Every structure is written in C-alpha cells, then in structure tokens.
Number of protein chains: 2
Amino acid sequence: MSVTARDFAVLASMTPEPTTRPRLDDVDIDKLRQHMMVIRRKVQAGQYVYRAGQPFHALYLVHAGFLKSCELARDGREQVTGFRMRGDLVGVESIGLGQYSCDLVALEDSELWELPYPPVLLACRELPELQARLTTALAEEIRRDRLWMLSLGTLSAERRVAAFLFDVAQRHATLGFSPRHFILRMGRADMGSFLALKHETVTRALSRLAELGYITVQRREVRVLDTAALARLAGQGEAIH
Amino acid sequence: MSVTARDFAVLASMTPEPTTRPRLDDVDIDKLRQHMMVIRRKVQAGQYVYRAGQPFHALYLVHAGFLKSCELARDGREQVTGFRMRGDLVGVESIGLGQYSCDLVALEDSELWELPYPPVLLACRELPELQARLTTALAEEIRRDRLWMLSLGTLSAERRVAAFLFDVAQRHATLGFSPRHFILRMGRADMGSFLALKHETVTRALSRLAELGYITVQRREVRVLDTAALARLAGQGEAIH
DNA sequence: CGTTTGGTTGAAAGCGATCAAGCGAGGTGG
DNA sequence: CCACCTCGCTTGATCGCTTTCAACCAAACG
C-alpha cells in the first residue's frame, strides 16, 4: 500500500486541538490581548513571514502550520537553523538588532499571531510573569541550539538523522499528535541543511534506519517502530552505569 | 625567535583596561549594585565556576580571564560551545531551568562578578532598560550560536579555523587588544571541540594557513598577517556583486 | 634530568560528498 | 484520459576530506 496525494491531504488536515499546552499558553495570550493588538496572520506554503534585513517589529507565535528559519551569510551560504510548529515563539532571535537576522518561511499553509514588539516590552513591565516567560523562552532557545550543536558536532550522519526523527516524534507528542506516525513537512534537502548533511546522505541514513527495523519510511511518511533504538542513536538513551 | 615560558607570562600579564566598553557596561553594574550584592568571585585555571546539574542561582559577568562553556550529554559526549572573556555575560543559557545546563571552566585564572538571579529579575522590574539589556543579551547569544551553526555546517575545516581566528581577532579588538597578535588561551583539542574537528585537523589547518602566508603560528602564539584573507575564508569577506 | 603534556606531522582508513542515473508521484496540456 | 514533463527521492560508484593511528618533538614541570 502506498501513500497517495489524497492520503497526504487527509493527514495534513488532521489538526486536532492539542491536549497539552504550547510553550506560550492561552493564559498568556489573553493577558497579552489586554495590552496590545494581537494580529492573526496567514501565510501560504512557500511564503516568507519575514526576511533577514527587514525591520524588526514583532514576534510571532505559531498557531498552526509548519515553518523553517534560515540563517544566511553575505557570501550566499545558507542553512536551516530550525523548524517551527504550533506553540513556538519565533522572532526572538532578532530582538535588539533592529532588523530580523534570518528568514522565516512557511513550509505549509500556516497561521501566526503577530505580537508587535514594543507593546510586548511594555506589557512585560506590567506583567512580571510575562517577562519571566519571555526570558525563559529565550534561554530555552539557547539550550535547544546548544543541544543541536552538540549533536551535529559529535554524531555521525545516521545518528543525526535518528536524533532528528526522535526530536520530531517528541515535539509531535508534546502537541498531542502521534509520535509513532507522522508526515515530515520538509524535504530531504531541508533536513540535510539543518543537520549539516547532503540530501543523498539523509536518504541513505533513513534507508539504513529502515533496514535496521527502527522505522519505516516512504517519501515523507515515517513510522517509528523502535523509539528506544532511535533514542539510543540520538544519544538520549538511558546512560549505562 | 621562539616563544619562551617567560614570554607567555609577560603577554598574559598584559591586561590593560579595555578602551571600549564590554557588553554590560559599568553604568549597568552600578545600577545593579544599588539593587543587590554583586559578589566578586575568583577562579583558578582549570576550576569550574559551575557544572551542569548544579542549582541555578546566579548569572556571571566575566571581569578578567578566559573560560570555556561545555555542553555535555548523558552518554558522555561533550563539546565546547563557547569561549568567554571580559564583558561576556554567562549563565543566561540556564535561566528558567532551575539548574545549570552546562559546565563553565576557567582556562586561566579569572575573575567573575556573580549576579544572584532572583535579585536580577527583581531589579529588572525597577529598571526597564536593564530588562531590555538582558533580553538583548540573550537574543545576541542566540544569534552568535546560529552564526556558528552556519559556519560549522557550511565551511571546510580550514575555513572554520580561519573563521575562529577571525572571531578571536575581532573580540580582541573589541576589548582594545591587538587583533593582529594574540595568544590563544585554549589548546588545540578545545578549539577542535568547538569547531567540531579533531585536534590534528586544527593543527593541520593552522599549518596550512601559515603556509598560505595568512598567519604565523607557534604553538599558541598567533600573528595575523592577512586579515582580509581570513575574513574571506570565514565567509565574512566583502560579497561580490 | 626524566617525565608528562600538548603540538606537529605522516600514512592509511573511513565516511560523507559528489557525480550520475533512474524512479515514481503529481501536475499539465493535448 | 493519457502522454509528457518536472521535481523530489533513491541508489550506485567514485572521490576527497577529515579522522584515525602512530611516531616524534618541544616545552613545562617536578
């Protein structure tokens, strides 16, 4: 049985309300609404939410959909630095710079809540807990980046891909989706860019993980058969004492 | 002419007051002092300022010396994620976690100002500009990390080492030291860990850069002969249009 | 001094990149 | 509805850079 375009569409539309709360929860948003205009913004697949160099004016909370952020160098080098989904706060990396430092691109039709930044800063003065939340969100971002640096710096291609799948599975679980069965929203090239690998290498690693019986993969559809094995490869397994 | 132990000692003692201000300047510190006890803490080379897992209680402002921060995984993998010098604010990556998320190790005798965190948070409420400064410091940390991710993901070993030297030179210049002549405070292994390379590869890259006439290097003493060439290799050169 | 530690260099191996070909799904236009 | 085209994915063969393994050297230290 193979996956058809229709299957993709059906799976993509399976977007139930998550059972666990996102990082910036509804309570925060309600409080924010009392202090500023929260603008709903929709973007289609392929469109940019913001681009490096554009004036920084707002943070965004991803409400639905899937996006990637891309770092780019003056000489044309470019790398995906993260994938964003519901509950992720984006744009924080550009605070204090005056302009966005990277691109944010929708990989599928998405909806974001735009939080104009000066009002956010003002609201933080009124709501100390919001300030703490924002600071914590920034710190978490640093920790996530550092963990990926560690993974990219110390894991082989195959283990990096395993770590990626494990991370995707965990994030899905956090949002109330199945961590055992999901559709990757990005292509092999974007995965590779994020993992500092070429797309052929990503393909080979996926094939190998399937060969080992840890997953099944058909184009973008992934089933995780052995979570523990993935975790072990990712370096997240139980330590041996 | 080779460098003797005495030369090292002399150079190491050349620590004039910087002519440019560090990221958290004296004005901020004075204001902080009005709100909390700022504790001066000295650490000797090799000592830990904090270790991953210890309870998080303070941020630190590096006042003198040189340190590295190390990320570690449960399975023993480990990587240097950054080098810290005067003016750098460290510990921010651990905010909101309850415990430090990484190790901070002195590479030479250093002095840090300990800023107990709950007081910092309280002071932020009284001093909005301090809050903005802290938030900006966090965002800058994210941007730095992302730029290194880009470099590590897209540059060859030789270019990574060039980028590292260029960065060291720039940071030295920022602190009022010579960007053309400096002593590396870390060994080849730590450089390699940060750059995701083995120490032999770092050595070879340095030898090659010297062979090309861009630098001279004798153990830890580096002279930059061609800054533009380093910048170009680092991907920071002028873009061609 | 002898020992240890960190750095350098060479030779060989291994892993991921590169180059190339082929495949399948989806979309388009006849 | 089908032929064709395109794009993303897969797989194979080869190349080359980085790692690995090993030896050696210089400086620091006791």
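Lettering of chains follows the sequences in order, A, B, ..., and the numbering in each one begins at 1. These figures come from a predicted structure and were not determined experimentally.
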inquiry  = Quick check for you: among D:dG8, C:dA20, C:dG6, whose closest atom lies nearest to any side-chain atom of A:E200?
reply    = C:dA20

ask   = For residues 203-216 of chain B, which residues have at least one heavy atom under 4.0 Å from DNA chain D?
value = B:R204

ask   = B:D103 side chain to B:S69 main-chain N or O, any donor-acceptor pair under 3.5 Å?
value = no

inquiry  = Could you tell me if A:S151 and A:R160 have a donor-acceptor pair between their side chains, going purely by distance under 3.5 Å?
reply    = no

May I have the list of side-chain donor-acceptor pairs in residues 205-215 of chain A shorter than 3.5 Å, sequence neighbours left out?
from   : atom 1 : to     : atom 2 : distance (Å)
A:S207 : OG     : A:T203 : O      : 3.0
A:R208 : NH1    : A:E211 : OE2    : 3.0
A:Y214 : OH     : A:R232 : NH2    : 3.4

inquiry  = Taking the basic N atoms (NZ, or NE/NH1/NH2) and the acidic carboxylate oxygens, is any pair closer than 4.0 Å for B:R41 and B:E111?
reply    = no

key: Length of the line joining B:H199:NE2 and D:dA22:P, which is rounded to integer Å   = 13 Å

note = Of the candidates D:dG8, D:dT20, C:dG16, the side chain of A:R220 sits closest to D:dG8

message = Please list, in numerical order, the residues of residues 186-195 of chain A that have a heavy atom closer than 4.0 Å to any atom of DNA chain D.
response = A:G187, A:R188

query = Going by an N to O cut-off under 4.0 Å, is there a salt bridge joining B:R185 and B:E108?
reply = yes

request  = Grab the CG-P distance between A:L155 and C:dC15 for me, whole Å please.
outcome  = 15 Å

query = Between B:S110 (side chain) and B:F66 (backbone), is there a donor-acceptor pair under 3.5 Å?
reply = yes

query = For the residue pair A:F182 and A:H172, does the interplanar ring angle fall in the parallel (under 30°), tilted (30 to 60°) or perpendicular (over 60°) class?
reply = tilted

query = Atom NZ of A:K198 and atom P of D:dT18: how far apart are they, to the nearest Å?
reply = 13 Å

task = Looking only at side-chain atoms of A:L197, point me to the closest of C:dG16, C:dG24, D:dC21.
result = C:dG16

query = Between the base of C:dC15 and the side chain of A:E158, is there any donor-acceptor pair under 3.5 Å?
reply = no

task = Answer with yes or no whether the side chains of A:Y100 and A:Q54 bring together a donor and an acceptor at under 3.5 Å.
result = no

ask   = How long is the line joining CD of B:Q218 and P of C:dT9, in whole Å?
value = 12 Å

